[in-house]
Amino acid sequence: MRIGFVLFLATQLAATAALAQTAAEREACQADYQRLCKGVLPGGGRVVKCLAGHMNELTPECRKVVKANTPG
C-alpha cells in the first residue's frame, strides 16, 4: 500500500511544475488519501483534486500540503 501511495503522489505532484515534493509531504497526506480518495486513479491531477475537494476533512498537515500545491 505504501509503495502505491508514494507512486500515486509522485505522479500527481510531478504534474505541477511548481511543486517541491518531499517525503514529508507524501507522509502528511497518506492517511487522508487512504480515507478520502482511495478509489481515485492516479494521473492528470485527479488525486490532488480529490484531496482539495475534501479540504475541510483533511488533517492540518495535509491541508497545508494541498494548499501549497494547488494552483490559484
* To do: Decide yes or no on side-chain contact (heavy atoms from CB on, under 4.5 Å) for Leu36 and Leu58, but give the supporting numbers first.
  => CA-CA 9 Å; Leu36 300 167; Leu58 299 176; 3.8 Å; yes

* To do: Measure from the side-chain N and O atoms of Asp32 to the backbone N and O of Thr59, and report whether any donor-acceptor pair falls under 3.5 Å.
  => yes

* Contact summary for Arg63 and Asn56, nearest pair of heavy atoms -> NH2-O, 4.0 Å

* **Spatial distance of atom CE (Met55) from atom NZ (Lys67) [nearest 0.5 Å]** => 6.0 Å

* Considering residues at least two apart in sequence or located in another chain, which fulfil the side-chain contact (heavy atoms from CB on, under 4.5 Å) criterion with Lys64? -> none

* **Residue list, side-chain contact (heavy atoms from CB on, under 4.5 Å) with Cys50, at least two apart or on another chain** => Cys37, Val40, His54

* Structure fact -> CZ of Arg35 to SG of Cys62, rounded to nearest 0.5 Å, is 9.0 Å

